[in-house]
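Structure first, then comments.
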Amino acid sequence: MTDVMDGTRAREEQEKDRKTEVIVPARYPGRWIAATIIFVLFASFAYSVATNPGYQWDVVWQYLTYRTVLAGLGWTLALTAASMFIGIVLGIVAALMRQSSNPILSVVAAGYIWLFRGAPLMVQLIFWYNLAALYPTIDIGLPFLPPLVSLSTNEVITPLVAALLGLGLNEGAYMAEIVRSGLLSVDAGQREAAQSLGMSPAHTLRRIILPQALRVIVPPTGNEVIGMLKATSLVSILAFSDLLYSVQGIYGRTFQTIPLLIVATIWYLVAATLLSLVQQYLERRYGRGHSRRAQDGMSLLMAPLSSALFRRGAGK
Amino acid sequence: MTATPMVQIQSVCKRFGEVEVLSDIDLSVATGEVCCLIGPSGAGKSTLIRCINHLEKINTGTIEVNGHLVGYARRNGQLHELTGREAARSREDTAMVFQHFNLFPHMTVLENITEAPIHVKKESRASAEAHAHALLDRVGLAGKARAYPGELSGGQKQRVAIARALAVRPKLLLFDEPTSALDPELVSEVLEVMRDLAREGQTMIVVTHEMGFAREVADKVAFMDQGRIVEYGSADDVLVRPRLERTRDFLARVLRSHVPQA
Ligand SMILES: Nc1ncnc2c1ncn2[C@@H]1O[C@H](COP(=O)(O)OP(=O)(O)OP(=O)(O)O)[C@@H](O)[C@H]1O
Ligand SMILES: [Mg+2]
């Protein structure tokens with residue numbers, strides 16, 4: 001009996017002690033030193049960027065919204081969108097073919113991925129652009145029979161077509177692997193549940209499997225889009241008037257190489273920033289049911305922005 | 001004699017590679033009957049119930065639900081396997097509830113339930129949603145229509161899965177160990193819903209280790225071992241007065257491991 005009383009009293013005293021104790025957060029002097037060094041380095045770099053006349057900020061400013069630069073930006077964005085679209089469609093088809101139980105389909109898909117992922121993109125672009133050297137005409141008709149329509153390859157393969165073929169086919173090979181990993185990430189029970197409710201295979205894929213696979217597919221695809229944005233600059237070798245080609249045209253005349261490359265870089269960075277916001281929006285959209293709260297579209301788009309600006313709940 | 005049974009299984013064999021997992025299975029379940037499948041692990045209970053839904057292909061024999069072959073068509077005296085879309089249609093009279101629920105995590109509870117009625121049965125959205133709300137009410141989850149599966153407890157998930165299966169108005173409902181992934185205190189809420197269904201005359205085949213439930217609800221019990229139905233009869237016959245030594249052993253083992261909590 002007294003034992004119990006003693007125990008209780010001892011615990012009460014401990015409680016009282018605990019209430020009065022103040023917790024002092026740990027101090028990390030190393031962090032302050034590192035931060036100071038980095039700040040000094042950054043400030044001196046910023047100073048040099050602002051004062052070094054070589055950057056020619058007035059020229060940068062002058063050409064930033066120049067008409068041919070904006071037109072080039074437009075082409076770069078359009079080419080990125082079109083090539084990604086081709087790449088995603090090809091990627092889904094190739095991923096489904098690889099999973100097929102038909103060995104011919106799966107071998108063809110594996111071969112496509114092997115070839116177009118392995119060969120350098122620059123080589124692929126030049127190859128498509130020079131297709132006429134191999135096939136002077138493009139014939140449409142039944143195999144081994146005289147063609148119904150015959151077109152000159154040089155007229156069909158414009159720089160735009162060569163760019164779309166090169167970028168799209170290459171992207172499709174990468175997307176195929178991304179889509180395949182997404183499809184594999186969906187539990188087999190999902191397909192069985194859909195089947196047991198009488199859903200057709202196509203409906204199951206479209207409504208049950210793909211939306212869940214997208215949760216895995218979207219983040220790496222975001223990387224692919226931003227990679228594509230920059231990869232489109234390779235098409236300047238085909239004399240295609242994208243963003244890089246249009247600033248090259250200007251500094252070829254004016255020799256203001258550095259400021260014009262800065263112009264192009266600024267626009268690439270702006271586009272990449274906007275694209276990553278879209279990616280964050282999509283990630284939340286297809287994370288539905290995995291994050292606890294469902295959110296409406298607008299707050300989804302604004303959430304990454306506001307959390308980046310205000311760092312709500314940081315440190316929690 | 002009575003009308004044709006809801007489920008008619010005749011001399012079904014099923015092999016995985018060389019291994020025969022179902023040997024010469026015959027089973028018939030009358031309309032409105034509840035049949036429980038019991039037996040040790042690896043006996044082939046899941047495989048049999050999945051064959052009834054054509055989630056697994058059978059090697060020989062026939063399975064008919066509501067008078068129609070499932071997954072196969074009879075042409076010129078031969079059975080031809082159906083391809084995806086036709087097979088989907090041949091499952092129309094059946095729905096299944098899984099051990100691990102298999103709810104669609106990207107859809108709300110309401111969308112989970114209405115997806116098949118709207119897109120497979122071509123019901124109007126309004127009537128499908130009205131039916132879904134009625135079903136949710138019936139399984140005691142009236143307030144959860146807008147929740148996502150990730151926000152529900154295991155017992156709630158399984159009750160949603162039952163509502164989803166009922167939404168296609170199945171003539172036959174299959175259950176594969178519907179309570180074995182649940183915490184013990186959540187088992188009863190699911191069994192309660194299944195008891196109600198049995199009382200309302202829903203034809204069901206239930207793979208279960210809940211012997212109390214089987215005794216109370218089942219009209220027929222089939223004891224499976226090594227791919228065969230070795231003992232079959234009324235719940236009392238099989239569970240209380242089993243003929244075979246094997247059945248007695250199994251029941252003794254299950255009862256020992258499922259000692260009721262004090
Ligand atoms: N996909 C498969 N491939 C090969 N063998 C399988 C496959 N599925 C099941 N089997 C085998 O078939 C046999 C029966 O399995 P089944 O899952 O039907 O047993 P069960 O009676 O449901 O057992 P449990 O009570 O453990 O669920 C087992 O020996 C199992 O290893
Ligand atoms: Mg099983």
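In what follows, every chain begins at residue 1, and chains take the letters A, B, ... in the order their sequences are listed.
- Heavy atoms of B:L103 lying under 4.5 Å from chain A belong exclusively to its backbone.
- Between the side chains of A:H203 and B:E115, at least one donor N or O lies within less than 3.5 Å of an accepting N or O.
- Between A:Q190 and B:P105, the shortest heavy-atom distance links the atoms OE1-CD, 3.5 Å.
- Side-chain atoms of B:E92 never come within 3.5 Å of backbone atoms of A:L197 as a donor-acceptor pair (strictly under, hydrogens ignored).
- Atom NZ of B:K144 has 12 or fewer neighbouring heavy atoms from other residues, nucleotides or ligands inside a 6.0 Å radius.
- Enclosure of atom CZ in B:R195 by more than 12 non-hydrogen atoms of other residues, nucleotides or ligands within 6.0 angstrom is indicated.
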*Step-by-step side-chain contact (heavy atoms from CB on, under 4.5 Å) determination, B:R50 to A:E192*: CA-CA 10 Å; B:R50 289 160 57 81; A:E192 292 183 350; 2.9 Å; yes
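- The contact between A:R207 and chain B is made by backbone and side chain atoms together, counting heavy-atom distances below 4.5 Å.
- To the nearest 0.5 angstrom, B:H119 atom NE2 is 8.0 Å from A:M199 atom CE.
- Shown here is A:K230, whose NZ atom has no more than 12 heavy atoms of other residues, nucleotides or ligands within 6.0 Å.
- For B:F16, the CZ atom sits in a packed shell: over 12 heavy atoms of surrounding residues, nucleotides or ligands are nearer than 6.0 Å.
- Contacts between B:F98 and chain A at a heavy-atom distance below 4.5 Å involve the side chain alone, from C-beta outward.
- When heavy atoms are compared at a cutoff of 4.5 Å, B:A167 does not approach chain A at all.
- For chain B, the option among A:S200, A:G198, A:A194 with the highest count of heavy-atom pairs below 4.5 Å is A:G198.
- At a 4.5 Å heavy-atom cutoff, B:R146 makes no contact with chain A through either its backbone or its side chain.
- More than 12 heavy atoms of other residues, nucleotides or ligands sit less than 6.0 Å from atom CG of A:L269.
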